[in-house]
Amino acid sequence: MPFTLATWNINSVRLRAALVSRLLAEEAPDVLCLQECKSPVDMIPTEGFHALGYTHMVARGQKGYNGVAILSKLPLEDTGETDFAGLGHARHVSARLPNGVTIHNCYVPAGGDIPDRDQNVKFGQKLDYLTHLRDHFHEQRPARSILVGDLNIAPREDDVWDHKALLKIVSHTPIEVDHLNEAREAGGWVDVTRANLPEGRLYSWWSYRSPDWNAADKGRRLDHVWATADIANAGHSSRILRDVRGWDQPSDHAPVFATFDL
DNA sequence: ATGGTAGCGGAGCTA
């Protein structure tokens, strides 16, 4: 049975519940992973999602910041969260589908503005988060698993609008890219988006601060879909819904989709 | 080098 999965940094699920419902109604993914819900779990407005057939949710939340949720038409078994780097933030949750596929939904710390852990505690926390994630999945050796989320790093030269201009900008510095690639390889993860779309520039985020984001197109691919090697070949039809970034009062991220024949 | 926008919560932090 094929299933379609999407990941989207929603930047407040309460403010943008109507946008979530619109995406669910128009695109009908089986599973939608959200990041930056910025809400305690019991305050997430689930009624509209239920009405569209998304009757299952596994989430972790906190007041005002962070927060991750998995909405699903298929039953979900809550398989817990890991507090990578011990930050005490709601940045990870996982759940298992009836077909045995485990989904990890991650929100990696943005890391502040200065790419130096001696001058900027947040940058160190970002690197530590990725190191812990790397070690965790190296030990766990995941199988039949998918990891999605806002990983807050654009790893490839064609994942940013200007590689040279962004080499010292947090999200594209070599040390971050190294940490992300090490984490991916240690867990045996395959970048499904790039396996499906190996050529050309791909962005999933455009800053709110750009007055004309669409024309300027100074984007970065911060949102990712990974899968373990045993199921990565089942992934196909990856796509980024750029139009969603142009909806009224949008998130600054566009949703990333993939379909798996499993 | 700076400032540009947005959400939360009601000032300043985070992104």
Side-chain angles (χ1 to χ4, degrees), chain A residues 7-23 33-45 59-69 83-92 105-117 119-130 133 148-155 159-162 164-173 175-177 179-180 203-224 242 244-256:
Chain A
T7 179
W8 192 16
N9 179 317
I10 191 61
N11 187 21
S12 176
V13 71
R14 292 157 71 187
L15 193 69
R16 288 187 240 281
L19 295 194
V20 173
S21 289
R22 179 176 171 186
L23 186 78
C33 296
L34 299 171
Q35 302 87 36
E36 277 210 90
C37 295
K38 295 186 173 178
S39 173
V41 172
D42 60 8
M43 301 276 283
I44 295 175
R60 297 293 185 272
Q62 60 187 91
K63 201 162 86 80
Y65 299 96
N66 310 311
V68 286
D83 182 12
F84 298 115
L87 301 174
H89 298 170
R91 294 182 177 273
H92 170 257
N105 182 13
C106 297
Y107 176 47
V108 173
D113 288 332
I114 303 170
D116 178 345
R117 70 185 310 154
Q119 297 178 56
N120 171 15
V121 172
K122 288 194 191 47
F123 193 74
Q125 290 174 343
K126 181 178 195 175
L127 298 180
D128 292 346
Y129 189 99
L130 292 163
L133 189 148
V148 306
D150 177 3
L151 306 187
N152 263 315
I153 296 171
D159 290 335
V160 295
W161 65 280
D162 186 333
K164 281 193 70 177
L166 291 178
L167 275 172
K168 293 181 178 176
I169 302 298
V170 172
S171 73
H172 192 61
T173 63
I175 190 170
E176 290 171 88
V177 171
H179 275 66
L180 187 70
Y203 312 140
S204 65
W205 174 87
W206 295 261
S207 174
Y208 283 126
R209 299 175 191 177
S210 182
D212 191 353
W213 70 273
N214 196 29
D217 200 20
K218 295 182 174 180
R220 308 176 198 171
R221 186 173 71 105
L222 304 181
D223 304 275
H224 298 267
R242 181 186 177 115
V244 173
R245 178 64 177 80
W247 288 358
D248 285 341
Q249 298 186 55
S251 167
D252 46 354
H253 293 253
V256 182

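All chains are named by letter (A, B, ...) in the order of the sequence lines, taking the proteins before the strands, and each is independently numbered beginning at 1. Values below: every heavy atom of this structure, side chains too, minus hydrogens, waters and symmetry copies.
- Looking only at atom types and distance, the side chain of A/Asn152 has no donor-acceptor partner in the side chain of A/Tyr129 under 3.5 Å away.
- In this structure, CG of A/Asp113 is placed 15 Å from P of B/dG4, rounded to the nearest angstrom.
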Find every protein N or O atom lying less than 3.5 Å from an N or O atom of nucleotides 13-15 of chain B, and list the pairs.
residue: B/dT14; atom: OP2; partner: A/Lys122; partner atom: NZ; Å: 2.9
residue: B/dA15; atom: OP1; partner: A/Arg91; partner atom: NH2; Å: 3.2
residue: B/dA15; atom: N6; partner: A/Arg209; partner atom: NH2; Å: 2.5
residue: B/dA15; atom: N1; partner: A/Arg209; partner atom: NH2; Å: 2.9

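- Residue-to-nucleotide proximity on DNA chain B shows that, of A/Val13 and A/Ser207, the 5′-proximal contact is made by A/Ser207.
- Using a 4.0 Å heavy-atom cutoff across all strands shown, A/Arg16 reaches sugar-phosphate atoms only and no base atom.
- Residues passing the salt bridge (Lys or Arg N to Asp or Glu O under 4.0 Å) test with A/Arg242, sequence neighbours excluded: A/Asp217.
- Atom CG in A/Asp212 sits about 14 Å away from atom P in B/dT5, given to the nearest Å.
- Across all non-hydrogen atoms, the minimal contact from A/Asn11 to A/Tyr208 is ND2-OH, 3.0 Å.
- A/Val170 and A/Ile114 get closest at one heavy-atom pair: CG2-C, 4.0 Å.
- Using modelled atom types, one finds no donor on one side chain facing an acceptor on the other under 3.5 Å when comparing A/Ser171 with A/Glu176.
- Rounded to an integer number of Å, the gap from CZ of A/Arg245 to P of B/dA6 is 9 Å.
- Scored by the salt bridge (Lys or Arg N to Asp or Glu O under 4.0 Å) test, A/Arg117 finds A/Asp128 as partners (sequence neighbours excluded).
- The separation of B/dA1 from B/dC13, taken at their P atoms, amounts to 24 Å, rounded to a whole angstrom.
- Atom-to-atom, CH2 of A/Trp213 to C1' of B/dG4 comes out at 17 Å; the value is rounded to the nearest Å.
- Atom name P, nucleotides B/dG9 and B/dG3: the rounded distance is 27 Å, in whole Å.
- Nucleotides B/dA6 and B/dT2 are separated by 23 Å at their P atoms, to the nearest Å.
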Margin query: Show, in sequence, the C-alpha distance, side-chain angles and deciding distance for A/Asn214 and A/Trp206, and conclude whether the side-chain contact (heavy atoms from CB on, under 4.5 Å) test is met.
Written below: CA-CA 8 Å; A/Asn214 196 29; A/Trp206 295 261; over 6 Å; no
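- Straight-line distance from the CD1 atom of A/Ile169 to the C1' atom of B/dT2: 12 Å, rounded to whole Å.
- Counting to the nearest Å, the P atom of B/dG7 and the CD atom of A/Gln62 are 18 Å from each other.
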